[in-house]
Trainee: 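Following this message is one structure expressed as structure tokens.
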Amino acid sequence: MEALISNYGIWAVLAGAGLEGEAVAFLGGVLAHRGLLVYWQVAAAAALGSFIADQLFFFIGRHAARFRFVERLEATAAMRRATGLLERYPVGFILAFRFIYGMRIISPLLISRTSISAFRFLVLNGVAACLWGTAITAIGFLFGNAVEMLFGHLRLHIHLLLALAVLVAGIAGAAMFVRYRYR
């Protein structure tokens, strides 16, 4: 398993950060803590994967606005809330949306429907992706340190299962907080 991670881990982080996001970048940080991957490579792969996916969704929204799934997304309550934030704070919204649970895919679609230029989005998306990739990967790396301090050096699969359980609990807690806060 460790050889597989060492050989394909960075590519998995790159693809996974674009498809899923936080869990992949977080677990990549844990694997970097274990010495199976290089931290800066994990952070760069997470940032690049996120950047590519968001650019793709931006261009889908810009050039495929008549697709039914885009129209359906625009009609959701989350999209209306996101539109309000975007209209009030366009730069802040672009820099922050990937840090808001549940907003990662719909936000680039929404941004593409505004007058924000593709170049401006490209630059702000690049900055935000770098910050996000570094931050989430660092959280995973630090979590790996904390687990090792508390429990000693665990077997890799136990360490990853523990990390995944904490991540799922954290995301569930954040989702419940957001749902309760914005009822």
Side-chain angles (χ1 to χ4, degrees), residues 1-2 4-6 8-58 78 82 85-86 89 91-111 121-151 154 156-179 181-182:
M1 181 175 181
E2 291 181 13
L4 187 66
I5 291 169
S6 294
Y8 301 105
I10 295 299
W11 294 105
V13 170
L14 178 80
L19 298 172
E20 194 290 321
E22 290 83 7
V24 174
F26 179 84
L27 291 174
V30 171
L31 291 170
H33 162 75
R34 294 290 300 235
L36 296 172
L37 300 173
V38 178
Y39 172 78
W40 72 267
Q41 292 174 349
V42 173
L48 184 60
S50 176
F51 173 80
I52 291 169
D54 292 337
Q55 287 300 129
L56 178 66
F57 285 120
F58 178 84
L85 284 171
L86 179 56
Y89 314 103
V91 172
F93 183 86
I94 293 170
L95 292 175
F97 75 80
R98 76 187 70 240
F99 291 95
I100 303 169
Y101 182 75
M103 299 297 290
R104 210 163 149 244
I105 293 175
I106 64 171
S107 294
L109 291 169
L110 172 66
I111 294 163
F121 180 74
L122 178 99
V123 171
L124 292 171
N125 186 36
V127 170
C130 289
L131 293 171
W132 178 86
T134 302
I136 302 301
T137 304
I139 291 169
F141 191 93
L142 293 172
F143 175 81
N145 283 338
V147 166
E148 193 166 309
M149 286 174 56
L150 290 171
F151 303 111
L154 300 174
L156 179 61
H157 69 281
I158 294 172
H159 200 152
L160 292 176
L161 285 173
L162 184 59
L164 193 58
V166 168
L167 181 64
V168 167
I171 289 173
M176 289 186 336
F177 173 77
V178 167
R179 181 172 284 167
R181 173 93 166 100
Y182 295 106

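Quantities reported herein were computed from a predicted structural model and do not represent experimental measurements.
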Trainee: For residues Trp132 and Ala46, report the shortest heavy-atom separation together with the two atoms involved.
Mentor: CZ3-O, 3.5 Å

Trainee: Going by heavy atoms in the side chains, are Ile94 and Ile111 under 4.5 Å from each other?
Mentor: yes

Trainee: Against Phe121, only a single residue in Leu124, Asn125, Val123 fulfils side-chain contact (heavy atoms from CB on, under 4.5 Å); can you say which?
Mentor: Asn125

Trainee: Measure across Gly18 and Ala53 and return the closest heavy-atom pair with its distance rounded to 0.1 Å.
Mentor: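 In terms of heavy atoms, the two residues are closest at O-CB, 3.3 Å.
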
Trainee: Please work out which of the three classes, parallel, tilted or perpendicular, describes the rings of Phe141 and Tyr39, given edges at 30° and 60°.
Mentor: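 Answer is perpendicular, since the angle exceeds 60°.
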
Trainee: Is the shortest heavy-atom distance from the side chain of Asp54 to the side chain of Phe97 under 4.5 Å?
Mentor: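 Yes - at least one pair of side-chain heavy atoms lies under 4.5 Å apart.
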
Trainee: Can you check side chain to side chain contact (heavy atoms under 4.5 Å, CB included) on Leu31 and Val42, steps first, answer last?
Mentor: CA-CA 9 Å; Leu31 291 170; Val42 173; over 6 Å; no

Trainee: Is there side-chain contact between Trp40 and Thr134, with at least one heavy-atom pair below 4.5 Å?
Mentor: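 They are not in side-chain contact.
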
Trainee: So which heavy atom on Ala12 is nearest to which on Val24, and how close?
Mentor: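 That would be O-CG1, 3.9 Å.
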
Trainee: Measure the CZ-CD1 distance between Phe99 and Ile136 for me, rounded to the nearest 0.5 Å.
Mentor: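 So the CZ of Phe99 and the CD1 of Ile136 are separated by 6.0 Å.
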
Trainee: For the atom pair CG (Leu27) and CD (Glu22), what is the distance rounded to the nearest 0.5 Å?
Mentor: 11.5 Å

Trainee: Would you give the length of the straight line joining atom CG of Leu37 to atom CD1 of Ile10, rounded to the nearest 0.5 angstrom?
Mentor: 4.5 Å

Trainee: If you define the side chain from C-beta out and look only at heavy atoms, does anything of Leu122 sit under 4.5 Å from Phe58?
Mentor: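 No, side chains not in contact.
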
Trainee: Hey, what do you get for SG (Cys130) to CZ (Phe51), rounding to the nearest 0.5 Å?
Mentor: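 Rounded to the nearest 0.5 Å, the SG-CZ separation comes to 8.5 Å.
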
